[in-house]
Amino acid sequence: MTTTTAATASVARARTGGPGDDGPEIVEHVLGWLLVVVLAMLVTQAGLL
C-alpha cells in the first residue's frame with residue numbers, strides 16, 4: 001500500500017497547471033493578449049520592426 005500511496009502523491013505534485021485545470025479562462029486570455037501587446041510595444045520602441 002505504501003508504494004501506491006507514494007505514486008499517487010507524486011502524481012498529485014507533478015501537476016503543472018495545464019489545460020486540465022479548472023479556472024477563469026478569461027483571465028488567462030486577457031493576460032496572454034496583454035503580454036502580446038507589451039511585447040509588440042517593446043519591439044517597436046526598440047526599432048526592431
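Hydrogens, waters and symmetry mates play no part in the numbers below; they use all other heavy atoms, side chains included.
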Euclidean distance, L42 CG relative to Q45 CD, rounded to 0.5 Å: 8.0 Å
Joint cluster assignment, V27 & W33, ILVMFWY side-chain distance < 4.5 Å: no
Common cluster, L35/V38, ILVMFWY with side-chain heavy-atom separation under 4.5 Å: no
Point-to-point distance, once rounded to the nearest 0.5 Å, from CG of L39 to OG1 of T44: 9.5 Å
